[in-house]
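Here's the structure, in structure tokens; my notes come after.
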Amino acid sequence: MKIDLNLKPESKRGSVPDDESNLGFSKIFTDHMFTAEFKDKKWQNAQIKPFGMLSLHPAANVLHYSQEIFEGMKAFRQEKTDGVSFFRPEKNAKRMVASAKRMDMTPFPEEDFLSALQNLVSIDKQWTPKSQGTSLYIRPTLIGTEGMLGLKSSKEYLFYVILTPVGPYFPEGFNPIKIYVEEKYIRAVEGGVGEAKTGGNYSASLLAFRKAIELGYNQVLWLDAIEHKYVEEVGTMNQFFVIDDIIYTAPLDGTILKGVTRDSVITLAKDNGYKIKEEKLTIEKITETIKSGSLTEAFGAGTAASIAPVGELFYKNEKYIINDFKVGEISTKLYELLTGIQYGRIEDPYGWNVSVQ
Ligand SMILES: *Cc1c(COP(=O)(O)O)cnc(C)c1O
């Protein structure tokens, strides 16, 4: 696909602020964005242009019937070479196609996805921060743009990619967070859209999320929709528990987002001598093993937060403190391996890093 360049004058471009300690999560965006349109049955008008507002038909499908999907991925400044690398971008390209299929949308071609990202990030590379825990967050987005109020799939789409330099997702950094186990509301049900990275999954979660925040918790842990019994995942992360030295995470049964970080953690755990099982766990088993002391660690895994140790669960009006609210050994090791590869501190035996040209 040919990409037209309509760039900001060199003299008007910005870069990541000198003080990287206040980046937060997506407070600022870079100079440029990638956009492409699907119209008249074909992808066209691919361009990189100055970051700016979108103009949409007020009846656009996305505004009424929510045909919207997105991806979340990062590019990391390499500590040894000062270059910038994507982390497993082909996984996001594939997942975005899968999400599009589930939402009956026309995907942006998988084979053009990486070149769109390569071109964009290479132009805005100077926005990639350098300090520990920072990265350039990449948000590819696909929306239905046809202006038509009859309920049906859009015939027109906009695919765009925006970039934002980010610091740690949780202000806690690599320190334990607190999780609220949600009993009433649910995230996803078999046959639903839990596996798709689609906006509606997140808008449906916001009420429970705000309630958790007001009670002093960072995120919500979702239970299964039928029995409210099995532990599924956290708002933006897949969840892991260590019980009797075995690492557990929920299997991918259709309600769980197939996290790239989840997959990376499973590989790293296996290759570094840990026992790991993809198995359903009940919330009762979790609370009982926290009480008995055999559950020694819990952590979430996702692109935004990388690995986030969990120090407390709140369930049915009771607080369950994990590992005296300290970061565990296995969480630390996996965090070091994962971020070590991402920042080029240690060798990448898997070919997960893809350099920005
Ligand atoms: C994005 C996301 C994850 C994590 O996926 P990664 O590919 O590791 O970033 C986990 N759960 C939910 C619900 C998500 O939206």
Side-chain angles (χ1 to χ4, degrees), residues 25-26 66 68-76 86-100 102-103 113 117 135-142 161 164 166 168-170 177 179-182 185-190 192-206 208-209 212 218-225 230-241 249-269 278 298-308 310 331 334-335 337-339 341-342 350 352-354:
F25 198 86
S26 85
S66 302
E68 190 270 0
I69 58 167
F70 65 94
E71 270 304 323
M73 46 201 297
K74 279 176 172 176
F76 297 89
F86 298 109
F87 184 70
R88 309 188 75 183
E90 70 293 341
K91 298 282 275 184
N92 300 90
K94 281 211 159 59
R95 186 169 67 190
M96 196 157 200
V97 171
S99 295
R102 178 63 187 84
M103 303 310 292
F113 183 90
L117 262 53
S135 56
L136 186 66
Y137 185 80
I138 305 166
R139 173 55 62 96
T141 310
L142 179 70
V161 186
T164 163
V166 299
Y169 191 74
F170 296 114
I177 58 165
I179 300 274
Y180 183 90
V181 183
E182 177 58 49
Y185 301 111
I186 53 111
R187 188 190 99 88
V189 65
E190 235 180 287
V193 295
E195 255 184 13
K197 234 172 157 65
T198 183
N201 282 334
Y202 305 88
S203 48
S205 77
L206 292 175
F209 181 56
N218 301 83
Q219 291 251 311
V220 167
L221 175 62
W222 300 104
L223 301 177
D224 76 278
Y230 296 101
V231 168
E232 299 219 315
E233 63 177 317
V234 171
T236 56
M237 303 185 293
N238 296 108
Q239 186 59 42
F240 293 75
F241 297 95
T249 194
L252 301 173
D253 60 0
T255 59
I256 292 193
L257 205 285
K258 296 179 180 174
V260 177
T261 320
R262 176 189 182 278
D263 184 80
S264 309
V265 163
I266 292 174
T267 302
L268 289 170
E278 294 176 59
F299 61 90
T303 296
S306 84
I307 289 178
V310 176
S331 320
L334 290 169
Y335 174 77
L337 288 166
L338 177 71
T339 56
I341 291 177
Q342 288 172 330
Y350 308 105
W352 283 348
N353 290 330
V354 174

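Read the numbers this way: they start at 1 and go in the same order the structure lists the ligands and their atoms.
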Can you list the atoms of ligand 1 that are under 4.0 Å from a heavy atom of Arg187?
13 (C)
Residue among Glu232, Glu190, Glu195 satisfying side-chain hydrogen bond (donor to acceptor under 3.5 Å, both in side chains) with Thr255
Glu232
Do Thr267 and Trp352 come close enough that some side-chain heavy atom pair is under 4.5 Å?
yes
Which protein heavy atom lies closest to atom 11 (N) of ligand 1, and at what distance to 0.1 Å?
Glu233 OE1, 2.5 Å
Within-4.5 Å side-chain heavy-atom neighbours: Lys258 and Asn238
no
Considering heavy atoms of the protein only, find what lies nearest to atom 5 (O) of ligand 1 and give residue, atom and distance to 0.1 Å.
Gly259 CA, 3.3 Å
For ligand 1, the portion of Thr261 having any non-hydrogen atom under 4.0 Å away
both
Can you sort out which atoms of ligand 1 are near Gly235, meaning under 4.0 Å from one of its heavy atoms?
12 (C), 13 (C)
How close does the nearest protein non-hydrogen atom get to atom 4 (C) of ligand 1, and which residue and atom is it?
Thr236 O, 3.7 Å
Do the side chains of Val161 and Thr141 get nearer than 4.5 Å, heavy atoms only?
no
Going by the 4.0 angstrom heavy-atom rule, the piece of Met237 near ligand 1 is backbone
Side chains of Glu68 and Leu142: does their closest heavy-atom pair fall under 4.5 Å?
no
Parallel, tilted or perpendicular, judged at 30° and 60°: which one describes the rings of Phe87 and Phe76?
perpendicular
Tell me the contacting part of Lys91 for ligand 1: side chain, backbone, both, or neither, using a 4.0 Å heavy-atom threshold, strictly below.
neither
Lys/Arg N to Asp/Glu carboxylate O, Glu278 vs Arg262, below 4.0 Å:
yes
Decide whether an N or O pair under 3.5 Å exists between Arg95 and ligand 1.
yes
For a 4.5 angstrom cut-off between non-hydrogen side-chain atoms, does Leu268 reach Leu338?
yes
Decide whether an N or O pair under 3.5 Å exists between Arg262 and ligand 1.
no
Compute the shortest N/O to N/O distance between Val260 and ligand 1 and return yes if it is under 3.5 Å, no if not.
yes
Identify the protein heavy atom lying closest to atom 9 (O) of ligand 1, giving its residue, its atom name and the separation to 0.1 Å.
Thr303 OG1, 2.6 Å
Any donor-acceptor N or O pair under 3.5 Å, side chains Thr164, Arg139:
no
When only distance counts, is Tyr202 in polar contact with ligand 1, meaning an N/O pair under 3.5 Å?
yes
Less than 6.0 Å separating the ring centroids of Tyr137 and Tyr169?
no
Ligand 1 contact on Asn201 by region, counting heavy-atom pairs under 4.0 Å
neither
Please determine whether any non-hydrogen atom of Gly194 lies less than 4.0 Å from an atom of ligand 1.
no
Heavy-atom check, side chain of Phe86 versus side chain of Leu117, under 4.5 Å:
yes
Any idea which protein heavy atom is nearest atom 1 (C) of ligand 1, and the distance to it?
Lys197 NZ, 1.4 Å
For the 3.5 Å polar cut-off, considering only N or O atoms, please tell me whether Asn92 and ligand 1 meet it.
no
